[in-house]
Amino acid sequence: MPKKGELSKTARASLANREAVNHQTRHICASCNEPIWLMDLYPVKVMGKGMSYYHKDHYKVQ
């Protein structure tokens, strides 16, 4: 049990995991043909085709 004013073990661990990890993925955007960073990745499942990957800003439902 944590002492008064201290965070619990679980709370400390969750705060440590808040670090934003952003790296370039191996996926290429289907609309602009550029590599996608992890924070911008938007996977879309296409029936009969499988997965397509877009930048979040580039994907539009038609």
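Atoms considered below: every heavy atom in the structure, side chains included; atoms not considered: hydrogens, waters and symmetry mates.
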If Ile, Leu, Val, Met, Phe, Trp and Tyr residues are connected whenever their side-chain heavy atoms lie under 4.5 Å apart, and connections chain through other members, are Met51 and Leu41 in the same group? yes
If you take all heavy atoms of [X] and [Y], which pair is closest and at what distance?
X	Y	value
His58	Cys32	CE1-SG, 3.4 Å
Ile36	Thr25	O-OG1, 2.6 Å
Glu34	His55	O-CE1, 4.0 Å

Parallel, tilted or perpendicular: which describes the rings of Tyr59 and Tyr54, with under 30° parallel and over 60° perpendicular? tilted
Does Tyr42 OH have over 12 foreign heavy atoms under 6.0 Å away?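 12 or below, so no.
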